[in-house]
Amino acid sequence: MNLPAAEWYDLRDLNGISRLITEWVADWGPDWLASILTGVIGALGVLAIIGPTLLILIWLERKVIARMQARIGPNRVGPVGLLQPVADAVKLILKEELAPRAADKWVFFLPPVLIFVPAILIWGVLPFGPNMSVADLEMGVLFLVAISGVNVLVVFMAGWAQNNKYALFGAMRVIAMSISYEIPVVLSLLALVFFTGTLSVNGIVLWQQANDVVLFLIFPMSALMFLFGSTAELNRTPADISEAESEIVAGYHTEYSGMRFGLFYAVELANTLAISAFFATFFLGGWWLWGLDQWVPSWLILLAKTGLMYFVFIWLRGTLPRLRLDQLMSFCWKFFVPVGLVFLAVAATQRTLLIELGWDPAVALPIYAVINWGIAGAGVAIYARTAASPAQRLPSRPVMARGRLGGLRAARELADAGSGD
Amino acid sequence: MTSILDATALADRLGAACPGAVAAVAPGELRLHREHLIDAVRFLRDDPESDLVFLSGLTAVDRETHFDVVVHLQSLDHNHLLTVKVEADHDEPVVPSLTALYRGAHLQEREVFDLMGIRFEGHPDLRRMFLWDGFPGYPLRKDFLGMPGQLKAGLPGFPHESGDNAWPVPGTGPRPGGAPIVPGGSP
Amino acid sequence: MTSGTPTGVTPGAAEGGFGPNEPVVVNLGPQHPSTHGVFRLKATLDGERVIDADMIIGYLHRSMEKLAEERTFTQNIPFTDRIDYLAAMSNNLAYCLAVEKLCGIEVPPRAQAIRILFAELQRLASHAMANGTFANDCGAWQTPLFHMFRERERILDMFEMTCGARLTTNYMRIGGVAFDLPPELLPALRSFLDDLPGKIEEYRDLLLGNEILVARSRDVGVIDAEGAVNASLAGPVLRATGVPWDIRKADPYSGYEAFDFDIPVGRNGDCYDRFLVRMEEVRQSVQILEQLIDNIPGGAWLAELPLHLRPPEGEAYARVESPRGELGFYVVSDGGPTPYRFHCRAPSLINLTALREMTIGGTLADAIVTLGSIDIVVGEIDR
């Protein structure tokens, strides 16, 4: 926290306003009032940043995807279609909300509301600046992991209550996949925690600041595991099997219409935004950017990094097909979990060497980075070699008949000739 | 270029292997007896010289006195085509199913059953395909929708033609050159 | 999705509770994002694994074969557009060939060249659609589809400038084609052919080398060559099993024997091979068009025919290689102005013969990919 205590109007540290108010309240009021006020101001602040950002990012997602798909995208409502998300929201609110007669009423109505709780809570531990967490918990990483696990229950409630087989399939897939992919996500975060020696989210950013390095460079495999594992937990391509449109229509929210669907949709985007922000925090230095955070408001730096990661998510969605459930599972259990355990050991060893032997971080960290990139590359290469089935190794060019024509006899001749090539 | 199989020579060989199967021979066309259909077609399929392994098409024509089940068989390696025809009764149309020999006949026989009402004996799953169960009648039959005294499908002539070939007027006489109108609706 | 308990059919339930492997019946369709029309696949699932699949069709049945018996031979050409609405030109062509065979009509050389031109353009358009939707079925979020549509759009523009229609063209006539080529067509085709090979390479990079697509479609929906021939499969589905069978080579029509092109075949008979074969056929079609574009002969584009066409009594079976496979028309005439019998050998329908075998044992996701790789057009299935 090398920033000087700023004036309350300093845009670099929005905490100043809150501090001013709490100090004023503490002068005449009880302590608990000040605490509650801080919480409320923090929550409002977070919502004030996230809400507009979300609207802009929805627009951005549709626009970027449209460009990737050789179309223009929304351009009718407002300047360059900027008001499109608002129009969508209004439309969804005005739509009739249908519920299947055979649905389990209470369990059907609750999930769209409940799913908002973890989506909002998760922002509590995100540091927007050196002093700008709503709650800078000592065990912030644990809190993050615990909160993101709540989603699964809500989604299962939704999938079960609709009395729809597609929804049930979607919910089952979410459960199987989320529970599996929580392990690599936790393992990747655990490696960071081992290495930096703190469970506080802000502590990890401060470690990166202290060592002048982003953790992405030192733990590339953890970054990949976190990224891919969170696409699985977020149900985004290439792991969007729980709402795979071409298979199970809309997955766990098939029967939800109107704003109930809108809430699921908004939460999905908010979660994507949150995971982008956490990726930026854990692996890209969060609000810190090699001293630039002294001059530019730190929350803007975080938003920029978040936007970058969000773009990566959009990009993945725009280009990749979807994996199958069993392929996702085997990727998780056969690759991510073992590799995650290896990196856990690596992180612990490297941390111990750094502490016990007192190596100079400026020398040790580049060496660690080289070693870790090497292990990661080797792991990916070995998995890519061994995972492909014989058919998947076949060339991606067809056999040309070259004048042959006929039935099974010609097919045999061609196969023989083709294998001789 | 796909050649048309010499049906006469083939009929001789088929007659030797499966006596009594051939009912009539035309260029590129064999008319088989339905009692021997399976054996004869199996011979045509397995005989290396004819090698008709590919069932290109299976359909039926309502000839009003009987049905013709028309099968186009193709040899891929020899690249020749043979038309096989089998007659079915008009009142009780039953033909042995070719599904045991060609799985490709499966859906086509179901289609013929659905639209023409010919029952294929030995078909594993003979259900209506396009129309719903309980649909009255078989629409591709010539007498389907033939109201009493009205014309069946087909125009007797072009518009503005004179005489017998005039544009049809309901209830006026048979189609020139055609068979008499079959009164009565579909079953 | 029909109503009912989430667990669906419960054979074990009557004997006392839930068995360990209780099958679930899921109706994919008639309205479903991936069934490409009103097609219903009734899949019985054990978990995610398909243990039985039954298709229920007929939602688009228009009884064209019956309707065609009440219209003159020429009036039936628009029907053929609506049989396979993604390959209207091929269907026009097949029907006209059948009637010409029946009447013994000679088609002028210019008309033959124009027919090949549009049949191949139609193949490009249809394969663009098939490949795009296949990628969609594999879970790509619309991107390949839109890119393929971009190319298809240019082809449909060419159709429009020639005959005024984009989808149901009604362009071929018995004895030739309806209109001569407009002067702006050949320049448009030229620039299209110049652009397309580069675009095809882009799609190869985007899709064929994509590990996820390979993982999703390799070893999925496999059928071997014997099974494919026995099940009368045709077109890319047959060729993907390694059988080099293409009507354009085997039974050349409309002058295809003069063109130099090759038949791509697959190695494994799986969904990826079907996709691969279609991608390569696009290149072969471009090759045909390149040979054709500067060599279109002059002269008449429609044969002299009597206005009142009464084919002699008899029957004819003519077939073409439509984008979906062997498309045949069996036309019987009794000497009257209308066909006595009009039958279409629909490749979409017959290619579905093997669907059950291909899907059983795979997962639900595999079934979708398999269905997409067969490339059905429901208008052609139901007619």
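Each chain gets a letter, A, B and so on, in the order the sequences are listed, and its residues count up from 1.
Arg101(A) does not touch chain C: none of its heavy atoms, backbone or side chain, sits under 4.5 Å away. For a residue to count as touching a neighbouring chain, one of its non-hydrogen atoms must lie under 4.5 Å from one of that chain's; by this rule Leu238(C) does not touch chain A. Of the two parts of Val265(C), the backbone and the side chain both hold a non-hydrogen atom closer than 4.5 Å to a non-hydrogen atom of chain A. In this structure, chain A has no heavy atom under 4.5 Å from any part of Phe149(C). Residue Asp273(C) does not touch chain A at all, counting heavy-atom pairs closer than 4.5 Å. For a residue to count as touching a neighbouring chain, one of its non-hydrogen atoms must lie under 4.5 Å from one of that chain's; by this rule Arg216(C) touches chain A with backbone and side chain alike. Contact annotation for Arg239(C): neither backbone nor side-chain heavy atoms come within less than 4.5 Å of a heavy atom of chain A. With a 4.5 Å cut-off on non-hydrogen atoms, Arg71(A) touches chain C through its side chain but not through its backbone. Contact of Arg283(C) with chain A is made through the side chain alone, with heavy-atom distances under 4.5 Å.
Using a 30° and 60° split on the angle between ring planes, Tyr256(C) and Phe259(C) fall in the perpendicular class, above 60°.
Annotation for Glu211(C): atom CD does not count as buried by contact number, only 12 or fewer foreign heavy atoms lying within 6.0 Å. Other residues, nucleotides and ligands contribute over 12 non-hydrogen atoms within 6.0 Å of the CG atom of Leu98(A).
A salt bridge is defined here as a Lys NZ or Arg NE, NH1 or NH2 lying under 4.0 Å from an Asp or Glu carboxylate O, and Glu321(C) with Arg123(C) fails to meet this definition.
Heavy-atom pairs under 4.5 Å with chain C peak, among Gln162(A), Met68(A), Arg317(A), at Arg317(A). Among Val243(C), Asp262(C), Leu207(C), the residue making the largest number of heavy-atom pairs under 4.5 Å with chain A is Asp262(C). Of all the listed residues (Arg150(C), His147(C), Arg204(C)), the one sharing the greatest number of non-hydrogen pairs under 4.5 Å with chain A is Arg204(C). Heavy-atom pairs under 4.5 Å with chain A were tallied for Leu45(C), Ile263(C), Thr241(C); the largest tally goes to Ile263(C).
Side-chain rings of Tyr166(A) and Tyr252(A) stay apart, their centers remaining 6.0 Å or farther from each other.
Formation of a donor-acceptor pair under 3.5 Å by the Arg49(C) side chain with backbone atoms of Gly361(C) is found in this model. No donor-acceptor pair under 3.5 Å is formed between the side chain of Lys42(C) and the backbone N or O of Val26(C). Distance alone, capped at 3.5 Å, places no donor-acceptor pair between the Lys165(A) side chain and the Val24(C) backbone.
The ring-ring contact (aromatic ring centres under 6.0 Å, His included) analysis of residues 376-402 of chain A, with sequence neighbours excluded, yields the pairs Phe331(A)-Tyr383(A), Phe335(A)-Tyr383(A).
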